[in-house]
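Scroll down for the structure; my scribbles are underneath it.
Note that the structure is a prediction, hence the values are computed from the model and not measured. Below, each value reflects all heavy atoms present in this structure, side chains not excepted, and no hydrogens, waters or symmetry copies. So that the names make sense, note that chain A is the first sequence line, chain B the second, and so on, each numbered from 1.
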Protein chains: 2
Amino acid sequence: MELEDILRERDFRLTRPRRVVWEVLSESERHLSAAEIAEEVHRRDPGINVSSVYRTLALLAELDLVRESRLTETSTWEPAHADAVIHLVCENCGATRHHDAALVEDLRAEIARTADFAPSVIDVRVSGTCAKCPAPSTPR
Amino acid sequence: MELEDILRERDFRLTRPRRVVWEVLSESERHLSAAEIAEEVHRRDPGINVSSVYRTLALLAELDLVRESRLTETSTWEPAHADAVIHLVCENCGATRHHDAALVEDLRAEIARTADFAPSVIDVRVSGTCAKCPAPSTPR
DNA sequence: AATGTATTGCGAACGGTTTGCAAGAGGGCG
DNA sequence: CGCCCTCTTGCAAACCGTTCGCAATACATT
Ligand SMILES: [Mn+2]
Ligand SMILES: [Mn+2]
Ligand SMILES: [Zn+2]
Ligand SMILES: [Zn+2]
């Protein structure tokens, strides 16, 4: 379903900031910070303000179109994806990769079965060292 | 090993702020925000400043004595615990619970084996609805 | 007790995000 | 097609958790 339809369905207007922010996000291969998004948005339309970027991100997250990650002190954003796609964050170079871990769904089932808790979103963040970076001197 | 020994071992001094912050953390049953820690610390010694609380938290994290969680926009802190102790955060009442999920170690092994990445810390955050709260109207 | 240095308290700065408000634009309806 | 109502925006100021610089303090060693 198109962005326009999803918005209309909930009585939101399709505006220029919303369209451009969504385009930037969906064309990107990686997580983007609000500043990076604003920068690229501004490149495509200098008239669009940072606060509209923030407001749009909040809306798109509400609509489950984008996923916000709090991997470090500043949030990053990307089009929503399944929980089984987890994040590997290199402690050395900072790169964030995706990794598909089917075990996440087993984990969900196990929680639902034994934890007296109804899980919705599961966020798995793995820090460590990526292949391109040297192993840390004091491995854990 | 005592806090004092761990500090000495690395040539850090055992100071009043460090002792009180550590006491507050280790006596608490739950995750505390820096503000909550500062409040309780201040109750025990009004002379201790917030910035010392922050500096101490950073140091204790460095020493792997405490774990910082970025579950929401503000960080929370608690004595360090194993990765297999995961966090269940209720979307309704905000309560954070611990749940022991042995599958986390399977996940670690799977990543190490297939992802070309050396995992150190694995952080699993599950949002959902706790037993005390009504199920959401639109369950996922 | 005196000394040298790590650490603190304080207040100001920082940086990402949010907010209030008047101006502007989406889109339903005539 | 153009009007009008309302939602949305741009802007600038406020916010808020956290960090920083610096002179004063207090550990720990002698
Ligand atoms: Mn992702
Ligand atoms: Mn915990
Ligand atoms: Zn790396
Ligand atoms: Zn609850």
Side-chain angles (χ1 to χ4, degrees), chain A residues 2-25 31-63 65-66 68-77 94, chain B residues 2-25 31-63 65-66 68-77 94:
Chain A
E2 290 303 314
L3 174 63
E4 176 164 11
D5 303 318
I6 295 175
L7 290 174
R8 293 183 92 108
E9 196 172 331
R10 302 250 219 137
D11 282 327
F12 292 112
R13 296 180 181 173
L14 177 60
T15 65
R16 200 155 160 63
R18 286 171 184 167
R19 182 151 19 82
V20 178
V21 167
W22 176 244
E23 281 171 14
V24 168
L25 276 172
H31 291 209
L32 297 175
S33 67
E36 290 171 318
I37 296 168
E39 190 185 350
E40 179 58 28
V41 163
H42 197 262
R43 200 169 289 133
R44 302 184 185 196
D45 182 343
I48 299 176
N49 194 270
V50 204
S51 52
S52 296
V53 171
Y54 278 104
R55 286 187 279 230
T56 298
L57 291 173
L59 177 63
L60 296 180
E62 189 62 33
L63 298 174
L65 287 173
V66 309
E68 177 180 9
S69 296
R70 303 177 188 277
L71 301 178
T72 70
E73 58 261 18
T74 72
S75 289
T76 56
W77 310 78
Chain B
E2 290 303 315
L3 174 62
E4 175 164 12
D5 304 316
I6 295 176
L7 290 173
R8 294 183 92 108
E9 197 172 329
R10 303 250 220 136
D11 282 326
F12 292 111
R13 296 179 180 174
L14 177 59
T15 65
R16 201 158 159 58
R18 287 171 183 167
R19 181 152 19 81
V20 178
V21 166
W22 176 244
E23 280 170 14
V24 168
L25 275 171
H31 292 210
L32 297 175
S33 67
E36 290 172 317
I37 296 168
E39 190 185 352
E40 179 57 30
V41 164
H42 198 259
R43 199 169 289 133
R44 302 183 186 195
D45 182 342
I48 298 177
N49 193 270
V50 204
S51 52
S52 296
V53 171
Y54 278 103
R55 286 187 277 231
T56 298
L57 290 173
L59 176 63
L60 296 180
E62 189 63 33
L63 298 174
L65 287 172
V66 307
E68 177 180 9
S69 296
R70 302 177 189 275
L71 300 178
T72 69
E73 57 260 18
T74 72
S75 288
T76 56
W77 309 78

Under 4.0 Å, counting only non-hydrogen atoms across every strand here, what does [X] touch: a base, just sugar-phosphate, or nothing?
| X | result |
| --- | --- |
| A:Arg8 | sugar-phosphate |
| A:Ala35 | nothing |
| B:Ser51 | base |
| A:Ser75 | sugar-phosphate |

Looking only at the side chain of [X] (C-beta and beyond, no hydrogens), which of the listed nucleotides [options] gets closest?
| X | options | value |
| --- | --- | --- |
| A:Ile48 | D:dG10, C:dG9, C:dG16 | D:dG10 |
| A:Arg13 | D:dC11, C:dT7, C:dA25 | C:dA25 |
| A:Thr15 | D:dT8, C:dC21, C:dT7 | D:dT8 |
| B:Thr74 | D:dT8, D:dG17, C:dG16 | D:dG17 |

Quiz item: How many angstroms lie between CD in A:Glu68 and CG in A:Leu60, if you round to the nearest 0.5 Å?
Solution: 12.0 Å
[X] [atom1] - [N] [atom2] separation (whole Å):
| X | N | atom1 | atom2 | answer |
| --- | --- | --- | --- | --- |
| A:Arg18 | D:dT8 | CZ | C1' | 6 Å |
| B:Leu59 | C:dT8 | CG | P | 9 Å |
| B:Leu57 | C:dT8 | CG | P | 12 Å |
| A:His42 | D:dT9 | NE2 | C1' | 14 Å |
| A:Trp77 | C:dT17 | CH2 | C1' | 10 Å |
| B:Glu68 | D:dG17 | CD | P | 15 Å |
| B:Asp45 | C:dT8 | CG | P | 12 Å |
| B:Arg19 | D:dA28 | CZ | P | 9 Å |

Exercise. Can you see which heavy atom on B:Ala38 is nearest to which on B:Val50, and at what distance?
Key: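 So the minimum-distance heavy-atom pair works out to CB-CG1, 4.1 Å.
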Looking at [X], does any N or O in its side chain come under 4.0 Å of the phosphate oxygens OP1/OP2 on [N]?
| X | N | answer |
| --- | --- | --- |
| A:Arg55 | C:dT18 | no |
| B:Asn49 | C:dC10 | yes |
| B:Arg16 | C:dT8 | no |
| B:Tyr54 | D:dT19 | no |

Practice problem: Answer yes or no: is there a side-chain heavy-atom contact under 4.5 Å between A:Val20 and A:Thr56? | Solution: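 No, side chains not in contact.
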Self-check item: Note, A:Glu73 side chain near B:Arg70 side chain (heavy atom, < 4.5 Å)
Solution: yes
Quiz item: So does A:Glu23 have more than 12 non-hydrogen atoms from other groups sitting under 6.0 Å from CD?
Solution: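 More than 12 heavy atoms, drawn from other residues, nucleotides or ligands, come within 6.0 Å of this atom.
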Exercise. Take B:Glu73 and B:Phe12, find for each the nucleotide of DNA chain D with the closest heavy atom, and name the residue whose nucleotide sits nearer the 5' end.
Key: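 The answer here is B:Glu73.
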Practice problem: Could you tell me whether the side chain of A:Arg19 and the main chain of A:Leu14 form a donor-acceptor pair under 3.5 Å? | Solution: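 Such a contact is absent between A:Arg19 side chain and A:Leu14 backbone.
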